[in-house]
Protein chains: 2
Amino acid sequence: MKLRDENKVPQIYQATLKLVRASGIAGITMQAVAKEAKIATGTLYIYFNNKESLLVGLFNECAKNSASGFFRNYDPGGPFKTGFRTIWLNILQYRISHFEEMLFIEQFFTSPYIEEATKMAVKKIFDPLRELIQRGKDEHLIKDIDSFWLLTFMTGNINEIAKRIHYFNKKLTPEIEDLNFQLCWDGIKS
Amino acid sequence: MKLRDENKVPQIYQATLKLVRASGIAGITMQAVAKEAKIATGTLYIYFNNKESLLVGLFNECAKNSASGFFRNYDPGGPFKTGFRTIWLNILQYRISHFEEMLFIEQFFTSPYIEEATKMAVKKIFDPLRELIQRGKDEHLIKDIDSFWLLTFMTGNINEIAKRIHYFNKKLTPEIEDLNFQLCWDGIKS
DNA sequence: AATATAAATGAATATTTATTCACTTATAAA
DNA sequence: TTTATAAGTGAATAAATATTCATTTATATT
């Protein structure tokens, strides 16, 4: 018998992300996904029960990937600023290099497909960062304000950088990394 | 003859925004809009040629509204920091009080409906702010880095605050305003 | 090599959603 | 009042899109 092609699912996910980039979740049709993935529409239904489970599957995949990307090379035992910069840069680089995933996650959050439990699970991804920020406050290195707002400050800026890098065809040079990190750091340092 | 009800279009826009908030542009159907606006689906087509022109019309309306909201009480002749804080707060308050508009604009930008010319027109809304930032640099009050990144820094943070205020049911108290502005200001000041 | 099994196909069908239209209702103008 | 005109209605139709299925194709197993 013929075995399932283990490349199909990633292929389908990639095609879906490409369409999201081009015209948002609103623009996704199963025929378009199939065409982009160079397979027949019927094949989609071998790998997914329906459109919803394709999108939910992709969302979970994106969430999992980003979680591992954000904390690459991060040593929780190292100095605060080193760890903070590592995570800051990881998130930024990840969101730039996986830009479609970022767009998809963002749109999925306000789509008819997401469920409440999923939202909660995604919040947990940032737990190690939340802990680090608490440490920074304990060591009096950063402002003693609610971590919620410190996290808001940091991630809001990162997201916007990633978007503008893409929409305005910029390149993330070390200089641009540095100046943007400086803005963020000067904001939070005590 | 019967005259056109001048409340219908705002009513339809409001209904559409409410649906966007609930389930994104992907979730909008003409029947749902009609139901939410408490009119017949056919009536939608008296005021709009089709779904696309409804959405485009709403987008233009949102863009126009926000432009006027952002620069309320702003005196280009006043001190830099005063002007900067005024605009910062205006944008933040506007995005919180017109949250659905913000979501809609954001999603519309990566939807099948937007056109390139529209994107360009929207960029111009921020021109007065760009000028103010240039002045701040000339007066050596803020860091001498590309205004593009200063604007990215500022708006990214504001957007994220607005989103989190809504998604986590926070309230924008004067204290929260202040601490968030402080984060932003400490980031950009020279 | 032959067989069995599941993948893959894409046209056909089902479902959803946009749009139309014959009809009713309201109201400015005569 | 009466009339003419356009708004308003919602069921009917058209169009788009999701899903199925009869058929073909590939390949592990025997």
Side-chain angles (χ1 to χ4, degrees), chain A residues 1-61 104 107-108 110-115, chain B residues 1-61 104 107-108 110-115:
Chain A
M1 64 158 187
K2 195 175 175 182
L3 285 185
R4 219 168 253 217
D5 179 350
E6 62 184 18
N7 277 329
K8 280 274 152 57
V9 169
Q11 204 174 314
I12 292 167
Y13 283 162
Q14 280 314 306
T16 310
L17 288 177
K18 197 168 173 187
L19 294 174
V20 170
R21 168 74 202 260
S23 49
I25 284 189
I28 294 177
T29 68
M30 294 301 264
Q31 348 253 345
V33 170
K35 192 176 177 189
E36 183 67 43
K38 297 192 168 70
I39 58 176
T41 50
T43 309
L44 288 176
Y45 289 85
I46 291 168
Y47 293 89
F48 300 98
N49 288 326
N50 49 41
K51 185 178 179 179
E52 181 175 3
S53 67
L54 191 168
L55 295 176
V56 169
L58 176 53
F59 179 82
N60 290 330
E61 181 69 15
F104 178 72
Q107 293 193 23
F108 193 81
T110 49
S111 79
Y113 304 106
I114 196 155
E115 296 186 5
Chain B
M1 65 159 187
K2 193 175 176 180
L3 285 183
R4 221 169 253 216
D5 180 351
E6 61 185 17
N7 277 332
K8 279 277 153 54
V9 169
Q11 204 175 313
I12 292 166
Y13 284 161
Q14 280 314 305
T16 310
L17 288 176
K18 196 166 171 188
L19 293 174
V20 170
R21 169 74 203 261
S23 49
I25 285 189
I28 293 177
T29 68
M30 294 300 263
Q31 348 253 346
V33 171
K35 193 175 176 188
E36 183 67 41
K38 298 191 168 69
I39 58 177
T41 51
T43 309
L44 288 175
Y45 290 86
I46 292 169
Y47 294 89
F48 300 97
N49 288 327
N50 49 42
K51 185 179 179 180
E52 181 176 3
S53 66
L54 192 167
L55 296 175
V56 170
L58 176 54
F59 179 82
N60 291 331
E61 180 70 13
F104 179 72
Q107 293 193 23
F108 193 81
T110 49
S111 80
Y113 304 106
I114 196 156
E115 296 185 4

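Residue numbering restarts at 1 for every chain, and letters A, B, ... go by the order of the sequence lines. As a basis for the values below, the full set of heavy atoms in this structure was taken, side chains included, without hydrogen atoms, waters or symmetry mates.
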Next item on the list: Please determine, for the side chain of A:M30, which listed nucleotide (C:dA11, C:dT9, D:dA18) has the closest atom?
Entry: D:dA18
Next item on the list: Output the distance between atom CD1 (B:I114) and atom CD (B:Q107), rounded to the nearest 0.5 Å.
Entry: 12.5 Å
Item checked: Nearest-angstrom distance from the residue atom CG of B:N7 to P of D:dA7 -> 15 Å
Next item on the list: Let me know the distance between CG of A:L54 and P of D:dT17, rounded to the nearest Å.
Entry: 16 Å
Checklist line | Non-hydrogen side-chain atoms of A:P10 and A:Y13 separated by less than 4.5 Å | finding: no
Note to self: Between C1' on C:dA26 and CD1 on B:I46, what's the gap in Å once rounded to a whole number?
What the structure shows: 12 Å
Next item on the list: Any side chain to side chain donor-acceptor pair (under 3.5 Å) involving residues 44-58 of chain A? Give me the pairs, sequence neighbours left out, ordered by first then second residue.
Entry: A:N50-A:S53
Check: Is there a donor and acceptor pair closer than 3.5 Å between the side chain of A:Q31 and the base of D:dA16?
Finding: no
Next item on the list: Heavy atoms under 4.0 Å is the rule here; annotate nucleotides 21-30 of chain D 5' to 3' with B where the base is hit, S where only the sugar-phosphate is, and - elsewhere.
Entry: -----BBB--
Item checked: Positions of residues 13-21 of chain B (non-hydrogen atom under 4.0 Å from DNA chain D), listed by number -> none
Note to self: Heavy atoms only, 4.0 Å cut-off, all strands: where does A:F48 land among base, sugar-phosphate and nothing?
What the structure shows: nothing
Checklist line | Value in whole Å for how far the C1' atom of C:dA14 lies from CG of A:N50 | finding: 15 Å
Next item on the list: Provide, to the nearest angstrom, the distance between the OH atom belonging to A:Y47 and the P atom belonging to C:dA6.
Entry: 14 Å
Margin query: At 4.0 Å (heavy atoms only), tell me whether B:T29 reaches a base, stays on the sugar-phosphate, or touches nothing.
Written below: sugar-phosphate
Notebook entry, point to check: What is the distance, rounded to the nearest whole Å, between atom CD1 of A:I25 and atom P of D:dT17?
Noted result: 16 Å
Check: What distance do B:F59 atom CZ and B:F104 atom CZ have between them, rounded to the nearest 0.5 Å?
Finding: 7.5 Å
Item checked: Rounded distance (nearest 0.5 Å) linking atom OG1 of A:T43 with atom NZ of A:K38 -> 14.5 Å
Margin query: Any heavy-atom pair between the side chains of B:V9 and B:F48 that's under 4.5 Å?
Written below: yes
Checklist line | Euclidean distance, atom CD1 of residue A:I28 to atom C1' of C:dT17 [Å, nearest integer] | finding: 18 Å
Item checked: Nucleotide D:dT19, atom C1' - distance to CD1 of A:I39 in whole Å -> 14 Å
